[in-house]
4 protein chains.
Amino acid sequence: MSRTAGSHGPATLAAIRKAGLRLIYEHGYEALTLRRLAADVGILSGSLYNHIKTKQDLLFTLVRNHMTDLLANLDQALAGLDDPVAALAAFVRLHVTYHMERRYEVYIANSELRSLEPENRATIVAMRERYERQLIEILDHGVAAGRFRVADTRVGAFAIIAMLTGICTWYRPDGPLGPEEIVRIHTDLVMQGLAG
Amino acid sequence: MSRTAGSHGPATLAAIRKAGLRLIYEHGYEALTLRRLAADVGILSGSLYNHIKTKQDLLFTLVRNHMTDLLANLDQALAGLDDPVAALAAFVRLHVTYHMERRYEVYIANSELRSLEPENRATIVAMRERYERQLIEILDHGVAAGRFRVADTRVGAFAIIAMLTGICTWYRPDGPLGPEEIVRIHTDLVMQGLAG
Amino acid sequence: MSRTAGSHGPATLAAIRKAGLRLIYEHGYEALTLRRLAADVGILSGSLYNHIKTKQDLLFTLVRNHMTDLLANLDQALAGLDDPVAALAAFVRLHVTYHMERRYEVYIANSELRSLEPENRATIVAMRERYERQLIEILDHGVAAGRFRVADTRVGAFAIIAMLTGICTWYRPDGPLGPEEIVRIHTDLVMQGLAG
Amino acid sequence: MSRTAGSHGPATLAAIRKAGLRLIYEHGYEALTLRRLAADVGILSGSLYNHIKTKQDLLFTLVRNHMTDLLANLDQALAGLDDPVAALAAFVRLHVTYHMERRYEVYIANSELRSLEPENRATIVAMRERYERQLIEILDHGVAAGRFRVADTRVGAFAIIAMLTGICTWYRPDGPLGPEEIVRIHTDLVMQGLAG
DNA sequence: GATGAATGAGATTTCATTCAT
DNA sequence: CATGAATGAAATCTCATTCAT
């Protein structure tokens, strides 16, 4: 059951995705060579094609799976929350937590959009817009209810997402701040920033 | 009276930099081909080497020039401002304005750090840290003076910079919001977010 | 049953080495293009890299293999020969025979030394000096025994080697003189030239 | 009248030839770049074309001038010498001396034959054959007169020339042996080698 | 007679991908 | 399902050479 002599079956695909994730995060999609990826998995580059369709397809699959997860998690986190303040807090918590735990996926989904072929990019952009729209709606509700004050909820949503997404460029699991502290700091910044 | 469609001398270098900036912004450094760059400038790819040393050197020069300008502008913008609130406002205004006016440079300086060779990257990272440090110091002063409240000024500075930098991913000069509005929205978010 | 005109596996490497040898002999290392080499082998130039590391490595391998063979043959030819006259005769016979049979390798090992990168060159020069030293020692023994007369054995050895090596610039297998005659002529010249 | 600001007139051509000679000797014709040559002379590569026609023409001129000189010197050295022994001694002295004093030219004339275009090569090969023929005739006379013994005068001549030409691969003006000693050693080797 | 900039060809090398074994 | 070898395209960069200034 060891991986020494190459992985078997689905295990190899999982290994490819894991290594691909890390390598794209570290060097970028264009700079990733399939030879390098294969070497990290312990096979030759030709053998990759027993598991993936193309390099582009690997990227697309990684990003789409990530976005699917993210959206599902968001739906779950917001379920039943009518209060815009509570919803915003839940959004921030989910986003921050997610971006610390899965920073490779998150980083790639943002930075490699331009490496996706048009059709694939359109799919991902649509998913991303669904995500953004949920935050915009929370802000709209909050503003309507007099709980938030922001001149343009769309710009405000972008600003919040950009701020929170920035975490994955500096966060390290072994850094000085624990996840809860990081969640708190950012929740405070967002909540006060919008305070009516 | 030039001899071909392309321009002569310094004009060619300027054209190379301008086209390079746009192409790297659009496709990324790795995906940029010198053939394409040369074609956009109106010369053959080999002729690029009368003006640049290598592709890497072009990237480095673009990013370094940008960082140099940015730091100089920041120094000027903060000169004589002792009040942390005024300093923070100046910082936000400069950063936002700069990121709207020169979003290609800004985007590249952030996204192509990993495409820089180690030595070049170290140079840029050092410049970027000088920039970040100025904001951290403003926050430190503000916290010490009881004007700002933030649990960790370093994390706060990163969050602010990330938020403001996000502008260059969606801003379009012909969009619905004018520069002054965008400055105001972000200044409000930041100021309130830190309000003591 | 191969799939193209080119051969498979080890046969391709052998074909590359053989064609490389001839082409370097004919045009020189710098003037050899990998496109031409690949064409002669019946593959595309990129395919060469399934078999060789770099062009430089191909040259180095060819020269090193040759020197290794030459030294091994010399050791064998001189084994058990204590008499300096017999040893010198054996040396001349080996060298002349070798330079007729493998004149491509011999010529390249001499003419392309300067095309080797410093480290590779050092390796080959060391092997070449081991070869020369054996002749110098034969001459030293012969002079000590009063069998040879030469003012400087090092210069004498160089002169002999230069003379014998010259053969590979004019020898053709289908020329008027057979190998044995050529061996005899040169043996006479050397033996008499050193006669005490 | 300094060379600092670039040479004037014929001085520049002389500088080009001198630098070209050394650079071709050191790196080979194919490996010589005109940029490097121009840099050594102190001009830009485009300016070379005010003095030479092409790179190939520079090589040809260098080699032809050398061969012309060599043949003229040989004619002079052999003038009036009817005795084959005396003639051979004169040939050896001239060749050895020449190969020590002008080893760059000599080395290039031998090693870069294959870099000459067909027509140019034919010219040089013809000159070289005139040179060889003179030695062959000396040997023929000596054999006919019973003064030399060699089975094939053509092969004997090639062997002698190869031996003597080898000097320019190891000779250094500041080496342990003076010119006269080197002449003597080689004269002895040749004379005894042919002794009847 | 030197310069600076262009050309156009071509060099080595790398890459994603395919496929017979 | 992995391998080894091939393809074909393309990439960066260099070179000799030309020519307006």
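Just so it is clear: chains get the letters A, B, ... in the order the sequence lines come, proteins before strands, and each one is counted from 1. Computed from a predicted model, the values in this text were never measured in an experiment.
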Peer 1: Roughly, in whole Å, what's the span from OH in A:Tyr49 to P in E:dC19?
Peer 2: 12 Å
Peer 1: Output the rounded distance in Å from CG (C:Leu44) to C1' (E:dC15).
Peer 2: 14 Å
Peer 1: Ignoring backbone atoms, establish whether C:His51 has a side-chain N or O less than 4.0 Å from OP1 or OP2 of F:dA6.
Peer 2: yes
Peer 1: Spell out, as yes or no, whether a donor-acceptor pair under 3.5 Å connects the side chain of C:Lys55 to the backbone of C:Thr33.
Peer 2: no
Peer 1: Counting Watson-Crick and G-U wobble pairs only, both distances under 3.5 Å, name the nucleotide matched with E:dT18, or none.
Peer 2: F:dA5
Peer 1: From CD1 of D:Ile16 over to P of F:dA16, roughly how many Å is that when rounded to an integer?
Peer 2: 14 Å
Peer 1: B:Leu37 has an atom CG; how far is it from atom P of F:dA11, in whole Å?
Peer 2: 12 Å
Peer 1: Please report the distance, rounded to the nearest Å, between CG in D:Leu48 and C1' in E:dA2.
Peer 2: 11 Å
Peer 1: Do the side chains of B:Arg114 and A:Glu112 get close enough for a salt bridge, i.e. N-O under 4.0 angstrom?
Peer 2: yes
Peer 1: Side chains of D:His27 and D:Leu32: closer than 4.5 Å at any heavy-atom pair?
Peer 2: no
Peer 1: For B:Leu32 and F:dT12, what is the distance between atoms CG and P respectively, to the nearest whole Å?
Peer 2: 7 Å
Peer 1: Any side-chain N or O of B:Thr54 under 4.0 Å from OP1/OP2 of F:dT12?
Peer 2: no
Peer 1: CD of D:Glu30 versus C1' of E:dA11: gap in Å, rounded?
Peer 2: 12 Å
Peer 1: Which residue, A:Arg35 or C:Arg35, contacts DNA chain E at a nucleotide closer to its 5' end, judged by nearest heavy atom?
Peer 2: C:Arg35
Peer 1: Is there a donor-acceptor pair closer than 3.5 Å between any side-chain N or O of C:Arg121 and the backbone N or O of C:Leu113?
Peer 2: yes
Peer 1: At under 4.0 Å, does any side-chain N or O of B:Ser47 touch on OP1 or OP2 of E:dA5?
Peer 2: no
Peer 1: Contact class for A:Ile52 (heavy atom, under 4.0 Å): base, sugar-phosphate, or nothing?
Peer 2: nothing
Peer 1: Any side-chain N or O of D:Asn50 under 4.0 Å from OP1/OP2 of E:dA2?
Peer 2: yes
Peer 1: Are the side chain of B:Glu117 and the backbone N or O of B:Gln56 linked by a donor-acceptor pair below 3.5 Å?
Peer 2: no
Peer 1: Assign D:Leu58 to base, sugar-phosphate, or nothing according to its heavy-atom contacts below 4.0 angstrom with the strands shown.
Peer 2: nothing
Peer 1: Can you see if the side chain of A:Ser45 gets near the phosphate of E:dA16 - specifically, an N or O under 4.0 Å from OP1 or OP2?
Peer 2: no
Peer 1: Starting at the 5' end of DNA chain F, which residue's closest nucleotide do you reach first, B:Gly46 or C:Gly46?
Peer 2: C:Gly46
Peer 1: Whole-Å distance between E:dC15 C1' and A:Tyr29 OH?
Peer 2: 12 Å
